[in-house]
Number of protein chains: 2
Amino acid sequence: MNIGQAAKRSGVSAKMIRYYESIGLVPSADRLESGYRDYAEDDVHRLVFVRRARDLGFSIPRIQDLLELWGNTGRSNGEVRALAASHVSELEAQARKITGMIGTLRGLMTSCERAGHRAHCPIMDELADHHRPPPVRPKAKARTVAGRQENDTRGAGSETVGKSGREVVGR
Amino acid sequence: MNIGQAAKRSGVSAKMIRYYESIGLVPSADRLESGYRDYAEDDVHRLVFVRRARDLGFSIPRIQDLLELWGNTGRSNGEVRALAASHVSELEAQARKITGMIGTLRGLMTSCERAGHRAHCPIMDELADHHRPPPVRPKAKARTVAGRQENDTRGAGSETVGKSGREVVGR
DNA sequence: CCTAGGCCTTCCCATCATTGGAAGGTCAAG
DNA sequence: CTTGACCTTCCAATGATGGGAAGGCCTAGG
């Protein structure tokens, strides 16, 4: 079957299949005389294996380890478990980081609500470390920040502060 | 002060300061005659603001919004809260994804332990969807998968696998 | 047989935030 | 004046993925 079929059956996009082949994660597919890649059932199984491992958050180098273990019916069990365990602790570290952020933000949001809409937002105070906003807000751009920006044209910059037109990146 | 000092004081690397300037997140720094960037206290405060926002996981476009709100002492409170709330739900989605993976993996690991070291590892069975490992294991490397490679050791199977003369993509 | 259009091929570019390095200019101390 | 630490700009790479161009292949319908 060709790469499109293999992609549909495995749930891995054709782009990714070619990429995995290029980095050596999966073996180079056979080629038809036309140059088309030709996949067999086993190749699809391997791709499914890769996809599932990715769905569980394994990085590509780790998946390579897993694939090697898979082909090695002998001493798999303990090593697989070790791999999984170390992956789990990485995931836990990530989760801790995120839940830490969530906790901080929720705390700030709560005190922000209590402050009512008239006072300074404690979120801002925290971010700013209780400093006043600097008088000059971000102005000129260059490479653009994905998704926001437009013309600007801040020309000459003799003005001290662009109170006139829009300054920055308006949306 | 020069960029190195500003970096030390703000906790943002000099590289990142230049990058933030290039995308317009922070205003272009003043320059000395030598061409060196020159930073004042307010610039450092702004950089601290950016760093803290990043530590809370805000993306750069969002930080841009936050900076605008910071400079806008008027209608900050509610908008800041809204921004924070939507960020929190993004974080929660990430956390759910990760804890889901952890749950799955822990379940698999447990049944793997119960299976003892003699049987097939259920983790593998699950990844492989109960298929046998394909006879041809990953072989050639091209771009290399970060961090591993060489030493390979899979000498055993010199069985005609690579029938086609074709070889690694190369480039 | 010819053609349309759908699939395939390779190659390049972009993402997102960050780091690394090269080549060269500047500054301060010895 | 030299040395070494710092600065400047520019380019590249990361990890995993998607987008798209330019061109080749294949198949069905006329």
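Every heavy atom of this structure was used, including side-chain atoms; hydrogens, water molecules and symmetry mates were not. Throughout, a chain's letter reflects where its sequence line sits, starting with A, and its residues are numbered from 1.
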Closest of C:dT18, D:dT9, D:dT17 to the A:Met16 side chain is D:dT17
Rounded to whole Å, the CD1-P distance (B:Ile63 to C:dC16) equals 13 Å
Let's see if you can work this out: which of D:dA16, C:dT19, C:dA17 has an atom nearest to the side-chain heavy atoms of B:Tyr19? C:dA17
Closest to the 5' end of DNA chain D, once A:Gly35 and B:Arg37 are matched to their nearest nucleotides, is B:Arg37
Atom CG of A:Leu47 and atom P of D:dT17 are separated, to the nearest Å, by 12 Å
Nearest-Å distance for atom pair OH/C1', residues B:Tyr39 and D:dC6: 14 Å
Atom-to-atom span, CG of B:Leu32 to P of C:dA28 - whole angstrom: 10 Å
Is the phosphate of C:dC7 approached by A:Asn2 (side-chain N or O, under 4.0 Å from OP1 or OP2)? no
Determine whether A:Glu41 and B:His131 make a side-chain contact, defined as any pair of heavy atoms from C-beta on separated by less than 4.5 Å. no
Any N or O donor-acceptor pair under 3.5 Å from the base of C:dC7 to the side chain of A:Tyr36? yes
Round to a whole Å and report the spacing from CD of A:Glu21 to C1' of D:dA16. 17 Å
Could you tell me whether the side chain of B:Trp70 reaches within less than 4.5 Å of the side chain of A:Leu127, counting heavy atoms only? no
For the side chain of A:Gln5 and the backbone of A:Tyr39, is there at least one donor-acceptor N/O pair under 3.5 Å apart? no
Would you indicate what A:Tyr20 reaches in the nucleic acid, counting non-hydrogen atoms under 4.0 angstrom: base, sugar-phosphate, or nothing? sugar-phosphate
Nearest-nucleotide 5' precedence on DNA chain C, B:Ser34 against B:Phe58: B:Phe58
In whole angstrom, give the distance that lies between atom NZ of A:Lys15 and atom C1' of C:dT10. 9 Å
With a 4.5 Å cut-off on side-chain heavy atoms, are B:Val12 and B:Val50 touching? no
Atom-pair distance (CD on B:Glu33; P on C:dT26), nearest Å: 12 Å
Give A:Arg18 one of three labels, base, sugar-phosphate or nothing, depending on what nucleic acid heavy atoms sit under 4.0 Å from its own. base
Within this structure, what is the CD1-to-C1' distance between A:Ile3 and D:dG24, rounded to whole angstrom? 16 Å
Would a 4.5 Å heavy-atom cut-off, applied to side chains only, mark A:Ile63 and A:Tyr20 as touching? no
